[in-house]
Structures are given as C-alpha cells and as structure tokens.
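For reference, the structure is listed below as structure tokens.
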Amino acid sequence: MNLAYYPGCTLKNQGLGFETSALAAAQALDIEMKELDRWNCCGTVFSLADEDLMHYLAPMRNFVRVQEEGFDKVVTLCSMCYNTMKRTEQIVKDDPEKLKTINEFMYREEDYRGEVKLFHLLELFRDEIGYEEIKKRVIRPLRGLKVAPYYGCMLTRPKEIGIDDWEEPRIMEDLLSAIDAEVVKDPLRGECCGAYHTVNAKELVTERTRMIVSSAKKRGADCIMLSCPLCEFNLDLRQRDTAKEYTDFVGIPVVYFTQLLALALGLTEDVCRFDLHYIDPYPVLVEKNIIEEGEEVHGKKA
Amino acid sequence: MEKKPKTKMISVFVMGKEHKVPQGLTIMKAMEHAGYRFLRGAGCRAGFCGACGTVYRLKGDYKLHFDLACQTAAEDGMALTQLPFVPANKATYHVRLIKKEGNPILKYYPEVARCVSCNTCTKACPQELEVMDYVQAALKNDIEKAATLSFDCIQCGMCALRCPAEIVQYHVGQLVRRVHGKFVNKSKQLNKRVNEVNKGKFDTDINELMTLKHAKIKDKYSDRDIEALH
Ligand code: FES
C-alpha cells in the first residue's frame with residue numbers, strides 16, 4: 001500500500017517519537033508512506049466561524065501538494081491535523097463555490113480538484129491491514145500491560161469526520177487487543193484535555209490532567225495511550241505541574257499508540273523513543289516483563 | 001541633417017502625481033528624471049541591497065505588485081510609491097547564546113506559528129523566493145531547508161508588510177541563516193578569518209586607513225578590486 005504522508009509540524013518538534021515509531025511500524029506492516037516534499041502547517045485549529053475561507057487555505061494547499069505528487073490518498077497521525085484537514089476536505093467537497101473561491105485566491109497553484117482523501121493511521125490499521133494481520137505480526141506481545149486509550153476531542157468529533165463512533169469508539173481498544181495488551185476502559189477517554197489553555201490558563205489544564213489521569217489510574221491502568229501531541233503534552237508534561245498543585249496526585253506514563261504498536265512488532269527503542277516522555281514509561285514496561293531489566297535504551301538502563 | 005528619433009514619453013504616477021518620463025527607464029531612474037532625489041531608498045542600484053522596494057499598480061490592473069525600483073522598468077500608466085524602509089519588529093538575540101534545543105526560531109518569533117499559509121508573502125517577494133515555504137520550514141524546525149530557501153533574501157521587507165498574520169518573514173529568515181551557520185553548516189572560512197582578525201592580520205591596513213584623508217579614501221574605494229563571482 002502506497003500513499004502520501006503528511007506529518008504536521010509537531011511531529012518534527014515535540015512529537016519526534018510519534019513519527020519515528022509510526023514510520024517504523026507502518027513499514028513493518030508494509031504500508032509505504034511517502035512524506036510530501038512540500039507541505040505546510042495544517043492550520044492547527046479548525047475555525048468555528050462560518051465562511052472563514054482564509055483558514056481553509058492551509059489544509060487545501062496541502063491537498064494541492066498531494067495532488068501534485070500524483071497521490072489521491074494521504075495519511076496523517078496527529079489528531080489535530082487530521083481534524084482540521086478532514087473538515088476542510090469535506091467542506092470543499094460539499095461546496096463547489098467555496099472550492100472555487102479558494103482556488104481563485106491560490107491562483108499561483110494548480111487548481112485543487114477536490115479528490116484527495118485523508119486518512120488517520122488508525123483507520124489504515126483497521127481497514128487496510130486488519131487486526132488479524134497485525135496480530136500475526138506481533139513479536140513481543142504486550143501481555144499484562146494495562147492500557148487506557150484516550151481519544152480526546154479531535155479523533156471522533158464532529159461525527160461526520162470521526163474515525164469511529166463518537167460515543168463508543170473502539171478503534172484504539174481493538175488495536176490494543178491485537179497486540180495483546182489489556183484494555184482499561186475509562187469513561188473520561190473522550191474528555192477534553194484543556195488543549196491550548198495550557199499556554200495561558202495552566203491551572204485549567206492541571207485540573208483536567210488530574211481528573212483524566214487519576215481516573216485511568218484508579219481503574220488500574222499502567223499507562224494512557226493516545227494520538228495527539230497536544231493531549232500528550234497536557235496529560236504527560238503537565239503532570240509535573242499537577243503534582244505540585246495536588247500533593248496526593250500520582251501519575252502514570254502517557255504514550256502514543258504507534259509506540260506500543262512498534263514495541264509489539266519487535267522494533268527497537270531507537271524508533272519507539274519512550275525516553276522522550278516526561279513520565280518515564282520504562283519502569284512499568286520492565287515490571288510487566290515486556291522490556292528486559294538492564295536493556296540499554298538511549299544511554300540509560302531501563 | 002537627419003532628425004534624431006524622438007524618445008517616446010510615458011506617464012508615471014508617483015504618489016498620485018503624474019510625471020512624463022522617457023520610456024525605457026527603471027522606476028528609480030524615472031523618478032530621478034521626474035525630479036526626485038534619493039537620500040534613502042537607494043543603495044547598490046544593482047538589485048542586491050534591497051533598499052529600493054517599490055509598490056506599483058499597472059494601468060487597468062487591480063493588483064498591487066512589489067519590486068525593486070532599480071530593477072523594474074517603468075511602464076506607461078504605472079502608479080507607484082517607494083517603500084524604502086519597513087519599521088518591523090526585530091528580535092534581539094545573541095547568536096552565541098542561542099540554543100539548539102527546541103525550536104529557536106519560535107522562541108524569538110513565536111508569531112511564525114500563526115502562518116495560515118495564504119502565500120501572500122511569496123506573491124510580494126521581488127526576489128521570487130518561496131517565502132511561505134521557508135516560514136513553514138522554520139515552523140517545523142527544518143533549519144537547513146529554511147536557510148536554503150531564504151538564502152537570496154535582500155531584506156526589503158515587502159513580505160512583512162503584506163502578511164495578515166503579522167510575521168516578519170525577512171527577519172525570521174535572517175535568524176534562520178544565523179542558526180544554520182551556527183549549528184548546521186559551520187563556516188570554516190569564517191572561523192579562519194575571525195582568527196586572522198583576532199591575531200591582528202589587518203591591524204596595519206586599518207590603522208593606515210584611519211589616518212587617510214577623505215578624498216584618498218574615495219580614490220581607494222573606486223580603485224578597489226572586486227572579487228569575481230564564482
Ligand atoms: S538599490 Fe539596491 S536593490 Fe535597488
């Protein structure tokens with residue numbers, strides 16, 4: 001399977017391990033993802049104002065790039081990029097008037113024909129590879145590891161573009177079962193992490209982090225698994241601030257779905273990059289006998 | 001006796017006022033012909049220094065165009081003005097103290113993250129650089145690409161004037177190239193030259209220059225060797 005890959009900015013900055021693990025896991029599953037030669041920011045936050053065409057430029061320009069390179073399918077990993085771009089994909093497909101207006105504004109580019117289809121990597125695992133196949137490729141089953149999937153807002157809402165049912169999603173749960181991890185179902189898996197409030201209303205985010213992380217921990221989770229670098233930042237790094245504010249708070253590691261998948265596929269730590277998280281996932285991976293004690297990882301002993 | 005063919009005259013509108021100038025001049029020369037004297041807004045007169053930014057509109061066209069006055073021919077019916085300087089924000093930093101970790105560009109120019117990819121900066125660039133692409137490369141911390149794409153920037157500032165996200169692309173590009181020089185492609189020649197300067201290699205020459213009379217300095221300048229471009 002051969003398709004264009006749109007990384008998004010965060011995967012080249014804070015979310016490095018998300019990208020390395022995803023690319024390696026995809027390759028192990030025979031998905032060929034070719035990073036676009038030219039791409040720009042996805043636009044980050046989908047504009048909630050009507051007729052705000054200016055904010056559809058960024059996603060649409062990326063679709064032009066996909067088209068230019070001769071692809072009609074593009075895959076992304078970040079929930080936020082997925083959401084912003086998917087909503088734009090729909091809008092210009094449904095409304096030729098808007099498509100025309102934006103094309104006219106971008107007169108230096110070739111016209112976007114409205115034919116590119118965007119996927120989230122989780123969808124490819126489910127629909128193109130299939131969990132049965134993934135199960136067969138598992139080399140290091142994550143047996144005994146209790147994982148709470150966390151969806152946040154962007155993967156399943158609004159429901160027109162969601163990658164799964166918005167109330168009862170199971171796409172991450174099914175992936176976990178395929179790699180033999182134990183699913184911890186948490187009622188707060190679709191809560192908002194506080195998103196950009198992390199910049200100027202930190203206390204709002206630490207409160208959410210306390211609530212979401214504690215809920216997963218209370219249900220026995222060893223770690224939280226997600227697909228959004230911003231949720232990761234808030235639920236992982238903000239645990240530091242949460243612990244300062246709530247003295248009885250005890251945290252757990254937060255990882256990307258691609259990292260657990262890569263680990264299960266037998267890939268090494270230099271692509272999994274668990275070392276890049278604030279709360280170190282190694283101790284629990286060692287405790288559950290998934291990684292061997294003393295295995296050298298990024299210069300430190302697990 | 002044969003009559004010299006008459007030069008065709010054209011109309012240009014400088015800040016709204018009509019002037020008749022001979023056809024075939026650059027905007028800069030046309031303005032001088034009309035009586036303007038450049039105290040600022042002209043430097044090299046060869047398309048290198050970026051001092052002569054011009055905004056103009058052509059007859060019957062609604063679009064504003066951006067170019068260098070010393071490089072663009074005046075056309076009949078052209079309406080124009082000079083923009084010799086852009087009072088844009090420029091971050092203060094010490095190259096020695098810039099750290100590699102994180103994204104140094106976003107630290108000094110956080111507004112880069114506001115780019116909506118409208119490409120207006122690219123349309124405004126008289127050097128025909130892919131300005132938006134280098135801003136985007138800076139955003140994703142691809143210093144190498146950003147430095148390469150912005151290499152031919154001459155700092156005229158037109159991009160910043162047009163940007164709806166209030167980004168100062170040309171200063172961002174400058175920072176990018178400095179970061180590139182520091183971390184990515186360390187310049188050996190530069191280090192060698194800095195060492196020579198520190199060791200006093202040019203001290204005698206400089207001291208001699210400092211004592212010269214004005215006229216002599218002028219002569220030296222016009223007789224100087226100009227290194228050929230490779
Ligand atoms: S005067 Fe230097 S670029 Fe025009």
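Since this is a predicted model, take the numbers as computed values, not measurements. Order of the sequence lines sets the chain letters (A, B, ...), proteins ahead of strands, with each chain counted from 1.
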Could you look at B:D133 and say if it's the side chain, the backbone, both or neither that has a heavy atom under 4.5 Å from chain A? side chain
Can you tell which part of B:T122 gets under 4.5 Å to a heavy atom of chain A, answering side chain, backbone, both or neither? both
Portion of A:Y56 that has a non-hydrogen atom of chain B nearer than 4.5 angstrom: neither
Can you tell me which portion of A:N13 sits under 4.5 Å from chain B's heavy atoms? Options are side chain, backbone, both or neither. side chain
Does any heavy atom of chain B fall under 4.5 Å from the side chain of A:E109, the backbone, both, or neither of them? side chain
Test the B:K182-B:Y93 pair against the cation-pi criterion, namely NZ or CZ under 6.0 angstrom from the six-membered ring centroid and within 45° of the ring axis. no
Kindly state whether the ring of B:H180 and the ring of B:F151 have centres lying under 6.0 angstrom apart. no
With a 3.5 Å cut-off and no angle check, do the side chains of A:R238 and A:T198 form a donor-acceptor pair? yes
Bottom line for B:K123: the part with an atom under 4.5 Å from chain A's heavy atoms is both
Determine the option with the most heavy-atom pairs under 4.5 angstrom with chain B, choosing from A:C42, A:C41, A:G43, A:P59. A:C41
Under 3.5 Å, is there a donor-acceptor pair between the A:E110 and A:Q67 side chains? yes
Considering non-hydrogen atoms only, spot the tightest contact between B:K140 and A:C9 and give its length. CB-CA, 4.2 Å
Given A:L118, which of A:V66, A:V74, A:T88 fulfils the side chain to side chain contact (heavy atoms under 4.5 Å, CB included) condition? A:V74
